[in-house]
Amino acid sequence: TTPPAATGDGIDGTWMVTDASELGYRVDEVLFGVDNAAVGRTNEVTGSLSANGTTVTEAEFVVDMTTITSDDARRDGQYNGRIMSTDEFPTSTFTLTAPIELGAIPAEGEQVTATATGDLTLRGVTRPVTFEVTAQLEGGRIGVLGSIPIVFADYEIPNPSFSGIE
């Protein structure tokens with residue numbers, strides 16, 4: 001789907017996720033006494049956002065959790081197995097529950113920061129979240145970047161630590 005054209009009056013229309021979209025996790029771990037940041041990523045994200053004027057009115061995104069990979073096959077096995085149980089919970093979702101007011105349509109390449117509120121579902125547990133997003137209009141596309149801190153217990157995610165990892 002070709003995204004709608006942005007105009008000086010707004011970014012009206014429905015914008016679809018592209019294969020350039022990415023979702024990931026970053027978890028600080030201590031492995032055998034060495035600090036490490038465990039990172040996993042996937043571009044298997046679907047969904048869309050709808051805008052009217054300078055307001056994002058709707059957004060829903062689905063992530064195929066079975067496709068998230070890191071730089072370590074053992075970590076991926078733990079992630080897909082006991083930690084995220086991707087056989088039982090193969091997808092995670094985010095659904096916007098309140099409009100996002102951008103305030104203004106940014107000039108090409110300019111960033112706008114706003115607050116997003118919605119429902120995040122991980123491992124079958126849905127909780128409300130509010131977080132900051134940065135949006136940028138470039139080359140007829142909208143790029144949105146956000147980060148949601150997660151407390152494992154809030155989503156019934158087992159503690160990933162085990163012997164050798166703190």
Side-chain angles (χ1 to χ4, degrees), residues 1 3 14-49 56 58-98 100 106 109-166:
T1 303
T14 299
W15 297 75
M16 306 302 293
V17 170
T18 70
D19 60 4
S21 298
E22 187 176 69
L23 173 116
Y25 70 81
R26 176 178 299 276
V27 176
D28 292 328
E29 65 183 9
V30 178
L31 185 57
F32 303 110
V34 178
D35 291 337
N36 185 49
V39 178
R41 301 267 183 257
T42 184
N43 68 347
E44 294 296 321
V45 182
T46 59
S48 64
L49 68 82
V56 175
E58 295 178 56
E60 183 166 15
F61 306 101
V62 178
V63 177
D64 180 348
M65 300 298 281
T66 67
T67 64
I68 294 177
T69 58
S70 70
D71 63 347
D72 187 307
R74 293 172 298 173
R75 178 183 295 123
D76 295 344
Q78 289 294 316
Y79 174 89
N80 286 312
R82 71 178 188 84
I83 297 171
M84 293 305 290
S85 301
T86 59
D87 284 347
E88 187 177 354
F89 307 105
T91 61
S92 290
T93 61
F94 173 79
T95 303
L96 190 68
T97 58
I100 301 172
E110 178 185 9
Q111 293 185 345
V112 174
T113 301
T115 301
T117 299
D119 288 333
L120 178 65
T121 301
L122 294 173
R123 206 170 185 273
V125 176
T126 302
R127 297 190 48 98
V129 294
T130 298
F131 59 102
E132 192 172 271
V133 294
T134 302
Q136 183 171 335
L137 183 62
E138 194 163 329
R141 296 175 131 179
I142 295 176
V144 180
L145 177 64
S147 179
I148 304 172
I150 302 296
V151 175
F152 294 139
D154 290 349
Y155 292 89
E156 300 175 16
I157 298 171
N159 184 340
S161 299
F162 63 92
S163 181
I165 297 179
E166 300 174 357

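Computed over heavy atoms, backbone and side chain alike; hydrogens, waters and symmetry mates excluded. Quick note: residue numbers are just sequence positions, from 1.
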Query raised in the report: Checking side-chain contact (heavy atoms from CB on, under 4.5 Å) for the pair I68/L23: CA distance, chi angles, key distance, verdict?
Result: CA-CA 8 Å; I68 294 177; L23 173 116; 3.8 Å; yes
Requested in this report: Just jot down the side-chain contact (heavy atoms from CB on, under 4.5 Å) partners of R26, sequence neighbours excluded, or say none.
Outcome: A37, V39, R41
Report summary line: L145 meets the side-chain contact (heavy atoms from CB on, under 4.5 Å) criterion, sequence neighbours left out, with none
Query - Crowding at CD, E58 (>12 non-hydrogen neighbours, <6.0 Å) - result: no
Query raised in the report: Taking atom CD of E22 as the centre, does the number of heavy atoms from other residues, nucleotides or ligands within less than 6.0 Å exceed 12?
Result: yes
Query raised in the report: Going by distance alone, is a donor N or O of one side chain under 3.5 Å from an acceptor N or O of the other, for Q78 and R74?
Result: no
Query raised in the report: Listed by chain and number, what are the side-chain contact (heavy atoms from CB on, under 4.5 Å) partners of T113, not counting sequence neighbours?
Result: E132, T134
Query raised in the report: Who pairs with T130 by side chain to side chain donor-acceptor pair (under 3.5 Å), at least two apart in sequence or on another chain?
Result: T117
Report task. Kindly indicate whether the side chain of T18, heavy atoms from C-beta on, has any atom under 4.5 Å from the side chain of R141. Result -> yes
Query raised in the report: What's the shortest heavy-atom distance between Q136 and G109, and which atoms?
Result: NE2-O, 3.2 Å
Query raised in the report: Do T93 and V63 come close enough that some side-chain heavy atom pair is under 4.5 Å?
Result: no
Query raised in the report: What residues, two or more places apart in sequence or in another chain, satisfy ring-ring contact (aromatic ring centres under 6.0 Å, His included) together with Y79?
Result: Y25
Report summary line: Across all chains, not counting sequence neighbours, the side chain to side chain donor-acceptor pair (under 3.5 Å) partners of T126 are T121
Report task. Go through the structure and list residues passing side-chain contact (heavy atoms from CB on, under 4.5 Å) with V129, not counting sequence neighbours. Result -> F94, L120, F131, I148, Y155
Requested in this report: Only counting residues at least two apart or in another chain, list the ones meeting side chain to side chain donor-acceptor pair (under 3.5 Å) with S48.
Outcome: none
**Report entry** Residues in side chain to side chain donor-acceptor pair (under 3.5 Å) contact with T67, at least two apart in sequence or another chain
**Finding:** T42
**Report entry** Minimum heavy-atom distance L122-I157, with the two atoms named
**Finding:** CD1-CD1, 4.4 Å
Query raised in the report: Is it true that the side chains of D119 and T97 contain a donor and an acceptor less than 3.5 Å apart?
Result: no
Requested in this report: Calculate, to the nearest 0.5 Å, the distance between atoms CD and CD belonging to E110 and E138 respectively.
Outcome: 12.0 Å
Report summary line: Residue pairs meeting salt bridge (charged side-chain N to carboxylate O under 4.0 Å, His left out), one or both in residues 61-71, sequence neighbours left out, come to D71-R75
Query raised in the report: Can you list the steps and then say if L96 with V56 is a side-chain contact (heavy atoms from CB on, under 4.5 Å)?
Result: CA-CA 9 Å; L96 190 68; V56 175; 3.9 Å; yes
Requested in this report: Over all heavy atoms of both residues, which pair between P158 and I83 is shortest? Give the atoms and the distance, please.
Outcome: CD-O, 3.2 Å
Show me the donor-acceptor pairs within less than 3.5 Å that the side chains of residues 84-91 make with the rest of the protein, sequence neighbours left out.
unit_1: S85; atom_1: OG; unit_2: G81; atom_2: O; d: 3.4
unit_1: S85; atom_1: OG; unit_2: R123; atom_2: NH2; d: 2.8
unit_1: T86; atom_1: OG1; unit_2: N80; atom_2: O; d: 3.2
unit_1: T86; atom_1: OG1; unit_2: N80; atom_2: OD1; d: 3.3

